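The structure under discussion appears below in the form of structure tokens.
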Amino acid sequence: MNITITPAAEKFMRRMVRFNGGSVQSGFRLKVSAGGCSGLSSEFSVQAQPTPGDVSLDCNGLAVFLPAESRLLLEGVTIDFSDTLSESGLTFRNPNAPAASCGTHGSAPPATAAVSISSIRRKA
């Protein structure tokens, strides 16, 4: 798999696992689907183990669980974390995706997607 997780994204994922009471075996499950202004919409949760069909990636000892559809959509993507005035959460940069916009005129924004921190759900 060709997915890059930046140190900032890894730190965020680790904090979410820790703050949600995750055990040593717990992981960060990231589900990405087609949709949204940038072409991706996503949600994430902390889970004790992968869901059937998930692949578990090891990111320096952190388990990242990815369903099949997410793995396909994240191929070649860099997962980062951004905390600015305009967005806070995970961002996805795909150098191969066309730039998209949501009804704006002029130049389109880069092909990224932000996931709000408030979209976190805890699953047992």
Side-chain angles (χ1 to χ4, degrees):
M1 243 185 263
N2 182 21
I3 299 171
T4 302
I5 299 174
T6 67
E10 178 186 344
K11 180 179 177 181
F12 171 75
M13 292 175 184
R14 287 184 185 283
R15 292 178 82 188
M16 291 300 102
V17 171
R18 186 175 67 239
F19 291 150
N20 282 284
S23 68
V24 175
Q25 295 90 1
S26 293
F28 186 89
R29 185 170 195 264
L30 178 60
K31 181 180 177 185
V32 178
S33 55
C37 292
S38 68
L40 296 175
S41 64
S42 56
E43 61 183 65
F44 51 90
S45 59
V46 173
Q47 293 187 191
Q49 59 191 8
T51 300
D54 286 359
V55 165
S56 180
L57 298 179
D58 180 272
C59 182
N60 298 317
L62 170 70
V64 179
F65 307 141
L66 296 173
E69 181 180 342
S70 299
R71 293 190 305 270
L72 293 173
L73 293 170
L74 290 173
E75 183 64 30
V77 171
T78 297
I79 302 171
D80 199 1
F81 179 78
S82 177
D83 191 13
T84 65
L85 292 174
S86 61
E87 65 183 7
S88 183
L90 293 176
T91 58
F92 304 91
R93 290 190 305 273
N94 184 352
N96 301 317
S101 64
C102 288
T104 59
H105 299 329
S107 63
T112 64
V115 180
S116 171
I117 293 173
S118 63
S119 68
I120 300 169
R121 294 183 301 150
R122 183 174 182 192
K123 291 187 178 180

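Keep in mind the model is a prediction, meaning the values are calculated, not measured. The analysis underlying the following values was restricted to heavy atoms, covering all of them including side chains, and did not include hydrogens, waters or symmetry mates.
- Under the 4.5 Å side-chain criterion, counting only non-hydrogen atoms from C-beta, L66 is in contact with I3.
- Between atom OG of residue S26 and atom CD of residue Q49 there is a gap of 9.5 Å, rounded to the nearest 0.5 Å.
- Within the model, atoms NZ of K31 and OG of S42 stand 11.0 Å from one another, a figure rounded to the nearest 0.5 Å.
- Between the side chains of Q47 and T51, at least one donor N or O lies within less than 3.5 Å of an accepting N or O.
- Note on F65: it does not cluster hydrophobically with I79, by side-chain heavy-atom contacts below 4.5 Å among ILVMFWY residues.
- Note that CZ of R93 is 7.0 Å distant from OG1 of T6, once rounded to the nearest 0.5 Å.
- Side-chain contact between R29 and P67 is present, with at least one heavy-atom pair separated by less than 4.5 Å.
- Judged by distance alone, the side chain of S70 and the main-chain N or O of V32 form a donor-acceptor pair under 3.5 Å.
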Task: S88 and D83: CA distance, side-chain angles, deciding distance, side chain to side chain donor-acceptor pair (under 3.5 Å) verdict - done: CA-CA 4 Å; S88 183; D83 191 13; 3.1 Å; yes
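- Taken to the nearest 0.5 Å, the CG atom of L90 stands 6.5 Å off from the CG atom of L30.
- Placement of L73 and V55 within a single hydrophobic cluster is found when ILVMFWY residues are connected by side-chain heavy-atom separations under 4.5 Å, directly or transitively.
- Closest approach of D54 to R71, counting heavy atoms only: C-NH1, 3.9 Å.
- For the pair E10 and R14, the salt-bridge criterion is met [side-chain N within less than 4.0 Å of a carboxylate O].
- Using cut-offs of 30° and 60° on the angle between ring planes, the pair F12 and F81 is parallel.
- Once rounded to the nearest 0.5 Å, the distance linking CD of E69 with CG of L74 reads 10.0 Å.
- How far CZ of F44 is from CZ of F28: 4.5 Å, rounded to the nearest 0.5 Å.
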